[in-house]
Amino acid sequence: QVQLVESGGGLVQAGGSLRLSCAASGRSFSPDAMGWFRQAPGKEREFVARITWIGGSTYYADSVKGRFAISRANAENTVSLQMNSLKPEDTAVYYCAYGRLKVPRRYEYIYWGQGTQVTVSS
């Protein structure tokens, strides 16, 4: 019942910035957290960041700490990922996902967007 649509991907130079957005729709929208994941060619999908929906608590993968920032606008049912100091290794398809709490601080992501391509040139 939840649909997620990412936008904002594109081609940027190393060191540049990009802001991704994820718009959610559906009859109800009440995630425990929203997350961003990415998948590079030939690699497994990896966790990037998440934010709890009520408290706004954030958590980041070590690879993006200090460079990326996740945020949400609850009233608009959107979540964003501000990506700064981009590196070629950040090149991937980025997905947003809707998560429900399973164990403390950990979530099961049950709805996924189609993804948006981010390419960082060197």
Side-chain angles (χ1 to χ4, degrees):
Q1 292 185 344
V2 173
Q3 294 83 46
L4 305 174
V5 180
E6 302 94 338
S7 63
L11 175 64
V12 298
Q13 296 182 14
S17 298
L18 202 62
R19 186 176 182 88
L20 306 182
S21 295
C22 174
S25 62
R27 297 189 67 184
S28 64
F29 188 77
S30 58
D32 293 319
M34 291 291 293
W36 284 98
F37 294 75
R38 66 187 183 187
Q39 187 168 25
K43 296 185 178 181
E44 295 183 346
R45 183 171 58 194
E46 65 174 339
F47 168 81
V48 174
R50 64 88 172 136
I51 186 167
T52 62
W53 204 242
I54 301 301
S57 177
T58 59
Y59 182 77
Y60 299 91
D62 288 343
S63 60
V64 306
K65 285 181 179 177
R67 299 189 298 120
F68 290 10
I70 188 171
S71 62
R72 87 279 198 239
N74 301 60
E76 289 75 34
N77 292 347
T78 60
V79 61
S80 298
L81 184 69
Q82 178 66 45
M83 305 184 294
N84 299 322
S85 301
L86 283 162
K87 305 174 181 179
E89 50 263 46
D90 295 318
T91 295
V93 176
Y94 283 71
Y95 301 89
C96 65
Y98 174 117
R100 292 187 181 271
L101 185 68
K102 290 298 180 182
V103 297
R105 294 172 53 84
R106 305 208 73 176
Y107 302 87
E108 178 187 23
Y109 294 93
I110 60 174
Y111 299 113
W112 296 81
Q114 292 294 107
T116 186
Q117 177 71 49
V118 172
T119 303
V120 184
S121 62
S122 60

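A salt bridge links K65 with D62: the closest approach of a Lys/Arg side-chain nitrogen to an acidic carboxylate oxygen falls below 4.0 angstrom.
Residues F29 and L4 meet the side-chain proximity criterion, which asks for heavy atoms closer than 4.5 Å. Side-chain atoms of S57 and R50, non-hydrogen and from C-beta on, do get closer than 4.5 Å to each other. Counting only heavy atoms from C-beta outward, the side chains of M83 and V120 never approach each other to under 4.5 Å.
The backbone N or O of S80 lies less than 3.5 Å from no partner atom in the side chain of S21, so there is not a single donor-acceptor pair. With R72 contributing its side chain and I54 its backbone, the two residues share a donor-acceptor pair below 3.5 Å.
With sequence neighbours left out, V93 forms a side chain to side chain contact (heavy atoms under 4.5 Å, CB included) with Y95, Q117.
Here F68 contributes atom CZ and T58 contributes atom OG1; the two are 14.0 Å apart, rounded to the nearest 0.5 Å. Atom CG of residue L81 and atom SG of residue C22 lie 10.5 Å apart, to the nearest 0.5 angstrom. Separation of atoms CD1 (I110) and NZ (K102) is listed at 7.5 Å; rounding is to 0.5 Å. Note: M34 CE to I70 CD1 = 8.0 Å, rounded to the nearest 0.5 Å. For the atom pair CG of L101 and CH2 of W53, the computed distance is 15.5 Å after rounding to the nearest 0.5 Å. The OH atom of Y111 sits 9.0 Å away from the CD atom of Q3 when rounded to the nearest 0.5 Å.
Closest heavy-atom contact between C96 and E6: N-OE2, 2.8 Å. Shortest non-hydrogen contact noted between Q39 and R45 is NE2-N, 3.7 Å. Of all heavy-atom pairs spanning S85 and S17, the tightest one is N-OG, 4.3 Å. Looking at every heavy atom in both residues, I51 comes nearest to S71 through CD1-CA, 3.9 Å. What you find for A69 and Y60 is that their closest heavy atoms are CA-OH, 3.2 Å. Contact between G35 and Y109 at its shortest, heavy atoms only, is N-CE2, 3.7 Å.
Under the 4.5 Å side-chain heavy-atom criterion for ILVMFWY residues, a single connected hydrophobic cluster contains both Y94 and V2. Y107 and V48 are members of different hydrophobic clusters when ILVMFWY side chains are connected at heavy-atom separations under 4.5 Å.
Residues W112 and F37 place their aromatic rings such that the two centres sit under 6.0 Å apart.
Within 6.0 Å of OH on Y59 lie no more than 12 heavy atoms contributed by other residues, nucleotides or ligands. Within a 6.0 Å sphere centred on CZ of R19, heavy atoms belonging to other residues, nucleotides or ligands number more than 12.
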